[in-house]
Amino acid sequence: MRRPLYLKVLRGLALLAIAFWSAFPIALVVMSSFKPARDIFVFPPTWAFAPTLQNYAGLWLRWPDFFRTLGNSLIVTLGATALAVIVSAMAGYVYSRKRNPYLAGSAFFMIFVRLFPPIVVTLPLFPLVNALRLNDTHLILVILYATFFVSMGTMILKAFVDQIPRELDEAAMVDGAGVWSVFWRVILPLSAQGMIAVGVFVFVYAWNEFLFAFIFTTSTAKTAPLVLSEMTGAVDGVEWGVLFAATTVQLVPVLLFVLLAQKYLIAGLTAGATKG
Amino acid sequence: MSALGNPNRLHPMHLAMVVPVQALLIATIFLPSMYVFWLSLNESSFGVAPKFVGLRNYIEVLSDPYFWRAFVNTAIVINIVVYLELALGMAMALLFATGIPFRKTMISIVLAPYAISEVAAVVMWRFMLDPSIGMVSQTLTALGLPTIEWSVVPAHGLAVICALSVWLHLPFTFLILYAARLAIPADLYEAARIDGASPWRQFIHITVPVLMPAILVAVLFRYIFAFRMFSEVWLVTGGGPARSTEVLAVYLYQEAFRYNEFGIASATGWLMVAGSILLAIPYLRSLYKRTLTDA
C-alpha cells in the first residue's frame with residue numbers, strides 16, 4: 001500500500017513511542033543494575049558506562065536471603081504449574097467430550113467461583129491455614145496459585161481438546177482403550193500446545209504473585225517478590241543499585257520464558273479468554 | 001458408537017477426572033467465601049468467639065467514610081484504567097494490523113510488561129518518578145513544571161497507580177483486540193473501499209461491530225481484575241497518606257489484618273463479591289447460555 005510521507009513518519013513515531021513505553025522501564029532497571037553507584041543517578045541517564053557487578057556483589061553480601069527466596073519462588077511456581085496443568089487437562093478433556101446437565105452446571109460454577117476476589121478468601125483461610133500448620137509452607141501457595149488458574153486452564157484446554165477429532169478417541173476405544181488410556185495416550189500428546197499455554201499463564205502468575213505470599217508466608221517459604229518489596233520500603237533509604245540487581249534477577253528468567261513461549265501465550269489467550 | 005464414546009454417557013472415571021478441579025475450587029474459594037458470609041453477620045476478631053449481630057457490620061461499613069473513600073477511588077481507578085487500556089490497545093491493534101516493520105520484534109516488546117511482577121514494576125516506576133532523583137521529576141523541573149508528589153498528594157498517587165496498572169495490563173487488552181482484528185477478512189474492507197467508504201466509516205461500520213465481542217471480553221475481564229486491585233496500591237502508596245488512596249481490597253486488608261475487625265472486613269468482602277458478580281452479569285448471561293442450554 002502506498003502511503004504519503006507524513007503518514008509514514010507519523011506511523012514510525014507511533015511505533016517508537018509504543019516500543020519506548022513498553023521497554024524503557026525494563027531496560028532502564030536492567031541497565032542500571034550494572035552501573036556503578038555514581039552513574040545510577042546521572043540525569044539524563046547515560047548509556048555509556050563501565051559495567052560492574054558491584055551491585056550484584058552487594059546483593060549477595062547484604063541480602064543473602066534473596067537467593068533462598070528465589071529458590072522458594074521456583075519450587076512454588078513449578079509445583080503450582082504442574083498441579084494446575086494436570087488437573088485442568090483432565091477436566092478440559094471431560095468438558096470437551098461429554099454433555100450432561102450436572103457437568104454443565106459444574107462448568108458454570110467453575111467460572112462463577114473465579115469471580116470471587118482473592119482477598120476475600122484470605123480472611124477465613126488465614127486462621128484455617130494456621131490451624132492446619134500450613135502457614136509459611138510451599139504447599140499452601142502451590143494450592144492457592146493452582147486454584148486461581150484452574151478455571152481458565154480448564155477452559156483453554158477444553159478449547160484445545162475440542163479441536164482433536166473425536167474419531168481418534170473412537171478408534172482407540174474400539175481397540176479396547178478405557179477412559180484413562182484414551183486421555184493419556186491420545187488426548188494428552190495432542191493437546192501439548194494447550195498445556196504449554198496454560199503452563200505459561202500459571203508460571204507467570206505464580207512467579208510474580210504478591211498478595212497470597214505476603215499474607216501466608218513469613219520466612220521458610222517466603223518468595224522473591226516479598227524481598228523486593230522489603231528492599232523498596234527499607235526505612236534507612238533505598239539502596240537503588242542493589243534493588244536493581246535483585247529486580248533484574250527476579251524478572252529476567254520469566255521475561256525470557258514469556259518471550260520464548262509467546263506463540264503459546266497468544267494461542268491460549270485467544271482460546272481461553274474469547275471462548276471461555 | 002461405543003458406549004464410552006457416547007457424549008451423553010458418563011463413566012465414573014469421567015467424574016473422577018473433574019473432581020480435582022472442582023475440589024480445589026470448592027475447598028479454597030467456595031467454602032471459605034461462604035464462611036466469610038457467616039462471619040460478616042457476626043462480630044469477631046482474633047481469638048474472640050463470634051457473636052451474631054445480623055446486618056450491623058454492613059451498616060457499619062456503609063457508614064464508614066473510609067469505605068466510601070476506597071469505593072470512590074476504586075471506581076475512579078478502574079474506569080480510567082479500563083478505558084485508557086481499551087483506547088490504547090485498540091489504536092495499537094489497528095496500527096499493527098496495517099502491517100508494520102519488525103512485526104515479531106514489536107509484538108515481543110509490547111508483550112514484555114506482561115512478564116513483569118507488580119513489585120518489579122513498582123521499583124521501575126518509583127525510580128523514574130522519585131521526587132528528588134527520578135528522571136520524570138527532573139524533566140518536569142527542567143521544563144519549569146511542578147513535580148509529581150505521589151507520596152504526598154492523593155491525586156498524584158492515584159495517577160501513578162493508574163499509569164502503572166495500564167503499563168502492566170496493556171499487553172492483555174492489546175493481544176485480545178489484535179487477534180480479533182486479524183480474524184476480520186480483508187475482503188470486507190475491500191468491498192467497503194470499492195463502495196467509497198472513508199477509513200472512519202470503515203472503522204465505525206466494520207471494525208467496531210465485528211470486534212464488539214472481543215471488546216466486551218477485554219473490558220469485562222479488565223473490570224473484574226482491576227476491581228480487586230491490591231498490590232499496585234499497597235506497594236506504591238500503601239493506601240496513604242492518611243488512608244486517602246485506599247481501594248476496596250486495601251481497605252479490606254487494613255480492617256482485617258491491621259485493625260482485626262473481621263466482621264467489617266467480611267462484610268466488605270461480600271460487598272466486593274456482589275460487585276464482581278454485578279460487573280460480570282453480561283458475561284455470566286452468555287456463559288449460562290453456552291454451558292447450560294446446549295447441554
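Labels below follow one simple rule: chain letters A, B, ... track the order of the sequence lines, proteins then strands, and each chain is numbered from 1.
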A:F257 CZ: over 12 foreign heavy atoms closer than 6.0 Å: yes

Segment of A:R166 engaging chain B (4.5 angstrom heavy-atom cut-off): side chain

Proximity breakdown for A:L125 and chain B, heavy-atom pairs closer than 4.5 Å: side chain

Contact origin within A:L256 toward chain B - heavy atom pairs under 4.5 Å: neither

Per-residue contact mode, B:M135 against chain A (heavy atom under 4.5 angstrom): both

Whether B:Y114 and A:F201 hold their rings parallel, tilted or perpendicular, with breakpoints at 30° and 60°: perpendicular

Heavy-atom pairs under 4.5 Å with chain A, option from B:M92, B:M13, B:M106, B:Q138 with the top count: B:Q138

Heavy-atom pairs under 4.5 Å with chain B, option from A:F109, A:Y93, A:Y95 with the top count: A:F109

Contact class of B:F96 relative to chain A, heavy atoms under 4.5 angstrom: side chain

Chain B contact via A:S151 - side chain, backbone, both or neither, heavy atoms under 4.5 Å: side chain

A:F24 atom CZ, neighbour heavy-atom count above 12 within 6.0 Å: yes

Contact winner vs chain B - A:T248, A:L83, A:V87, A:I40, heavy-atom pairs under 4.5 Å: A:V87

Side-chain touch A:V121/B:S33, heavy atoms, less than 4.5 angstrom: yes

side-chain hydrogen bond (donor to acceptor under 3.5 Å, both in side chains) involving B:Y253 - partner list, sequence neighbours excluded: none

Under 4.5 Å from any heavy atom of chain B - which part of A:L255: both

Considering all heavy atoms, the nearest B:V21-A:A91 contact: CG2-CB, 3.7 Å

Aromatic ring pairing B:F230/A:F214, orientation class (parallel under 30°, perpendicular over 60°, tilted between): tilted

Whether B:R228 side chain and A:L115 backbone form a donor-acceptor pair below 3.5 Å: yes

Atom group of A:F244 that falls short of 4.5 Å from chain B, counting heavy atoms: side chain

Contact leader toward chain B among A:I119, A:L259, A:L103, where contacts are heavy-atom pairs under 4.5 Å: A:I119

Chain A contact via B:L284 - side chain, backbone, both or neither, heavy atoms under 4.5 Å: both

Max heavy-atom pair count under 4.5 Å with chain A, selected residue of B:S108, B:P113, B:G269, B:A120: B:S108

Top contributor to chain A contacts, counting heavy-atom pairs under 4.5 Å, from B:G238, B:S117, B:S231: B:S117

Atom pair CG/OG of B:L170 and A:S22 - distance to nearest 0.5 Å: 7.0 Å

Between CZ on residue A:F112 and CG on residue B:L25, distance to nearest 0.5 Å: 12.5 Å

Reported CZ-to-CD1 distance for the pair A:F116 and B:I224, which is rounded to 0.5 angstrom: 12.0 Å

Which portion of A:V204 sits near chain B, non-hydrogen atoms under 4.5 angstrom: side chain

Max heavy-atom pair count under 4.5 Å with chain A, selected residue of B:Q22, B:E118, B:R126: B:Q22

Between CG on residue B:L88 and CD1 on residue A:I18, distance to nearest 0.5 Å: 8.5 Å

Check against side chain to side chain contact (heavy atoms under 4.5 Å, CB included), A:I266 and B:Y178: CA-CA 10 Å; A:I266 296 169; B:Y178 180 57; over 6 Å; no

Separation between CH2 of A:W180 and NE2 of B:H14, rounded to the nearest 0.5 Å: 11.5 Å

Segment of A:F203 engaging chain B (4.5 angstrom heavy-atom cut-off): neither

Candidate pair B:L10 and A:Y102, rule side chain to side chain contact (heavy atoms under 4.5 Å, CB included), full reasoning: CA-CA 11 Å; B:L10 283 179; A:Y102 295 106; over 6 Å; no

Interchain contact, A:T232 with chain B, by part (heavy-atom threshold 4.5 Å): both

Residue part contacting chain B, namely of A:L265, when any heavy atom lies under 4.5 Å: side chain

Partner chain A: residue of B:L279, B:D130, B:T268, B:V123 with the largest heavy-atom pair count (under 4.5 Å): B:V123

B:Y35 to A:P124 - nearest heavy-atom pair and separation: CD2-CB, 3.3 Å

Other residues, nucleotides, ligands: >12 heavy atoms within 6.0 Å of A:W184 CH2: no

Which of A:L123, A:T247, A:T122 touches chain B most, by non-hydrogen pairs under 4.5 Å: A:L123

Closest non-hydrogen atom pair, A:A14 against B:L95: CB-CD2, 4.0 Å

Contact origin within A:L15 toward chain B - heavy atom pairs under 4.5 Å: both

Contact origin within A:V120 toward chain B - heavy atom pairs under 4.5 Å: both

B:W167 side-chain N/O to A:W21 backbone N/O, donor-acceptor pair under 3.5 Å: yes

Option in A:S32, A:S88, A:P118, A:A89 with maximal non-hydrogen atom pairs under 4.5 Å from chain B: A:P118

Engaged part of A:V113 at the chain B interface, taking heavy atoms whose separation is under 4.5 Å: both

Top contributor to chain B contacts, counting heavy-atom pairs under 4.5 Å, from A:I215, A:D169, A:L144: A:I215

Chi angles and distances behind the side chain to side chain contact (heavy atoms under 4.5 Å, CB included) call for A:V238, B:F127: CA-CA 10 Å; A:V238 180; B:F127 176 58; over 6 Å; no

Which portion of B:A249 sits near chain A, non-hydrogen atoms under 4.5 angstrom: both

A:R11 to B:G99 - nearest heavy-atom pair and separation: NH2-O, 2.9 Å

Residue A:S229 versus chain B: region with a heavy atom under 4.5 Å: both

Side chain to side chain, A:E209 and B:V119, heavy atoms closer than 4.5 Å: no

Pairs of heavy atoms under 4.5 Å with chain A: top-ranked of B:V110, B:N8, B:I29, B:V18: B:I29

Separation of B:M17 CE from A:R97 CZ (nearest 0.5 Å): 11.5 Å

Under 4.5 Å from any heavy atom of chain A - which part of B:T139: both

Backbone N/O of B:H11 and side chain of A:K98: donor-acceptor pair under 3.5 Å: no

